[in-house]
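The structure appears right after this line, and notes come after that.
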Amino acid sequence: MEISLPPEFRYKECLHFLERSPRELLHKVEGEAVYKLVNYEGEKILFKVSSLDSKLIVDFPIAEPSDEIKRKIEHYIIEWFDLDKDLKPFYAMAANDPFLSQLTKQYYGYRIVGQPDLYESLVWAVLGQQINLSFAYTLKQQFVREYGKKLVYADKEYFLFPEPGIVTHLTMEDLLKIKFSRQKARYTIGISEAFLDGTISKEKLKGLSLVDAKEKLMKIKGIGNWTANYALMKTFRYPDAFPLEDAGISNALRTFLKLDRKPTLDEIREVFVKYKGWEAYATLYLWRSL
DNA sequence: CGCCAGGTTAGAG
DNA sequence: CTCTAACATGGC
């Protein structure tokens, strides 16, 4: 299967992101290829993505799935790499910006590699709250290894993110054992319950305005402005989602503004006024600078 | 050892 | 409404 690519796309830039943690279990990078396991109606599908001549090549190492499943995987990959987004307006805006002009030139074609699964996105964001990214990956690794479904193929393991129905049955103690804080454990179980009882779902939020979707997400304990915007950026692809309180944004701007302290939230807002409509992509490129 | 980390909440003022 | 302590542990 082949997926055509927009001109403003560089596979290698996205690959760089996918390779950032050796503790990642939800995909596997081997050379230029990415392997990922997905679940469709209980059926586990392993696929392999690589790139050739401005196309993505998708293979199925275990078995060729039905045409219907193939269409779903194609859609999944388009979402995953944000291929439907036209980045021309963003690059036009960034070209005149003192900070972004250099970054968008240097990392041209880098896109937000997302999380099509809203539940995964929210739980992952909670895991990342207030701790360093490296430790967040340790928590996720243990969580996925312990409670996610697994497929073994050619002596290698491929994992799915744990499902809400499994996580709601976990106790605080189960999660404390894998180094979650009480707070993270409570939030994780709470979010799982919200998914299980239908309080939130990707379908329910689809099509809402950024403000409305954010408001609905933030009703759930553990989801504040940063987490809500993170998910809106990674799952729903709002180009103007803006995780204002992010420590990475703070650090990047501290460098660009040549401050000897962290910038205040108002100073960050002031910089981002220029990026209106493209806050998510401005954030991505600032993160990339770190 | 000390400071900070891809924050959020509850409670005080 | 705004401000702050508590959360908890690893990375550097």
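Chain letters run A, B, ... following the sequence lines, proteins first and then strands; every chain starts at 1.
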query: Is the phosphate of B:dC3, meaning OP1 or OP2, less than 4.0 Å from a side-chain N or O of A:Asn132?
result: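 The answer is no; no side-chain N or O of A:Asn132 sits under 4.0 Å from OP1 or OP2.
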field: Connected hydrophobic set around A:Leu160, excluding itself, where side chains approach under 4.5 Å
entry: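 Joined to A:Leu160, directly or through intermediates: A:Tyr35, A:Leu37, A:Leu46, A:Ile62, A:Leu151, A:Tyr153, A:Tyr158.
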Nonpolar side-chain network containing A:Val273, other nodes, edges under 4.5 Å: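 Hydrophobic cluster check, A:Val273: no partners found.
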message: When you compare the side chains of A:Gln183 and A:Tyr187, does any donor N or O come within less than 3.5 Å of an acceptor on the partner?
response: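 Side chains of A:Gln183 and A:Tyr187: pair found under 3.5 Å.
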- prompt: If you measure only the distance, is there a donor-acceptor pair under 3.5 Å linking the side chains of A:Asp97 and A:Tyr275?
  reply: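 There is such a pair (donor and acceptor under 3.5 Å, judged by atom type) between the side chains of A:Asp97 and A:Tyr275.
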message: Filter on side chain to side chain donor-acceptor pair (under 3.5 Å), then keep only pairs touching residues 3-13 of chain A, sequence neighbours left out; what's left?
response: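 Qualifying pairs, neighbours excluded: A:Glu8-A:Lys88.
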- request: Only counting residues at least two apart or in another chain, list the ones meeting ring pair (Phe, Tyr, Trp, His ring centres under 6.0 Å) with A:Tyr281.
  value: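 Counting only residues at least two positions away or on another chain, A:Tyr281 forms a ring pair (Phe, Tyr, Trp, His ring centres under 6.0 Å) with A:Phe90.
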query: Who are the ring pair (Phe, Tyr, Trp, His ring centres under 6.0 Å) partners of A:Phe180, not counting sequence neighbours?
result: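 Partners of A:Phe180 under the ring pair (Phe, Tyr, Trp, His ring centres under 6.0 Å) test: A:Phe143.
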task: Determine whether A:Trp278 and A:Leu87 make a side-chain contact, defined as any pair of heavy atoms from C-beta on separated by less than 4.5 Å.
output: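 Yes - at least one pair of side-chain heavy atoms lies under 4.5 Å apart.
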- prompt: Under 4.0 angstrom, heavy atoms only, what part of the nucleic acid is A:Arg23 near: base, sugar-phosphate, or nothing?
  reply: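 Touches sugar-phosphate only.
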query: Which salt bridge (charged side-chain N to carboxylate O under 4.0 Å, His left out) pairs, counting each pair once, include a residue from residues 35-54 of chain A, with sequence neighbours left out?
result: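 Matches after skipping sequence neighbours: A:Glu41-A:Lys72.
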Can you list, pair by pair, the side-chain donor-acceptor contacts under 3.5 Å of residues 21-32 of chain A, counting residues two or more places apart and other chains?
| from | atom 1 | to | atom 2 | distance (Å) |
| --- | --- | --- | --- | --- |
| A:Ser21 | OG | A:Arg23 | N | 3.0 |
| A:Arg23 | NE | A:Thr138 | OG1 | 3.2 |
| A:Arg23 | NH1 | A:Ser134 | O | 3.1 |
| A:Arg23 | NH1 | A:Ser134 | OG | 3.3 |
| A:Glu24 | OE1 | A:Lys140 | NZ | 2.9 |
| A:Glu24 | OE2 | A:Leu26 | N | 2.8 |
| A:Glu24 | OE2 | A:Lys140 | NZ | 3.2 |
| A:His27 | NE2 | A:Leu18 | O | 2.8 |
| A:Lys28 | NZ | A:Glu157 | O | 3.2 |
| A:Glu30 | OE2 | A:Lys156 | NZ | 3.2 |

query: If the P atom of C:dG10 is compared with that of B:dT9, how far apart are they to the nearest Å?
result: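 Going atom to atom, P in each nucleotide, I get 24 Å.
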message: When the C1' atoms of C:dG11 and B:dT8 are compared, how many Å lie between them, rounded to an integer?
response: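 22 Å, rounded to whole Å.
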- request: For A:Thr138 and for A:Ile131, locate the closest nucleotide of DNA chain C by heavy-atom distance; then report the residue assigned to the nucleotide nearer the 5' terminus.
  value: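 On the 5' side of the pair lies A:Ile131.
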Atom pairs and distances, donor-acceptor, side-chain atoms in residues 255-265 of chain A, under 3.5 Å, two or more places apart:
| from | atom 1 | to | atom 2 | distance (Å) |
| --- | --- | --- | --- | --- |
| A:Thr255 | OG1 | A:Asn251 | O | 3.2 |
| A:Arg261 | NH1 | A:Glu267 | OE1 | 3.0 |
| A:Arg261 | NH2 | A:Glu267 | OE2 | 2.9 |
| A:Thr264 | OG1 | A:Glu267 | N | 3.1 |
| A:Thr264 | OG1 | A:Glu267 | OE1 | 3.4 |

statement: Reading nucleotides 8-13 of chain B from 5' to 3' and marking B where a protein heavy atom lies under 4.0 Å of the base, S where only the sugar-phosphate is that close, and - otherwise, the string is BSS---
message: Check for me, please, whether A:Phe47 and A:Leu5 land in the same ILVMFWY cluster - side-chain distances under 4.5 Å, paths through other members count.
response: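 Hydrophobic grouping puts A:Phe47 with A:Leu5.
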- prompt: Whole Å only: how far is the CZ atom of A:Arg254 from the C1' atom of B:dC4?
  reply: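 Rounded to the whole Å, the gap is 11 Å.
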Nucleotides bounding contact with chain A, strand DNA chain C, heavy-atom threshold 4.0 Å: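 Extent of the interface on DNA chain C: C:dC7 to C:dG11.
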message: Near DNA chain B, counting only heavy atoms under 4.0 Å, which residues of residues 255-263 of chain A show up?
response: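 Of all residues in residues 255-263 of chain A, none places a heavy atom under 4.0 Å from DNA chain B.
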field: Any residue of residues 264-290 of chain A with a heavy atom less than 4.0 Å from an atom of DNA chain B
entry: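 Going residue by residue through residues 264-290 of chain A, the ones with a heavy atom under 4.0 Å of DNA chain B turn out to be A:Trp287.
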field: Distance, nearest 0.5 Å, that separates CG of A:Leu244 from CG of A:Asn225
entry: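 A:Leu244 CG to A:Asn225 CG: 6.5 Å, rounded to 0.5 Å.
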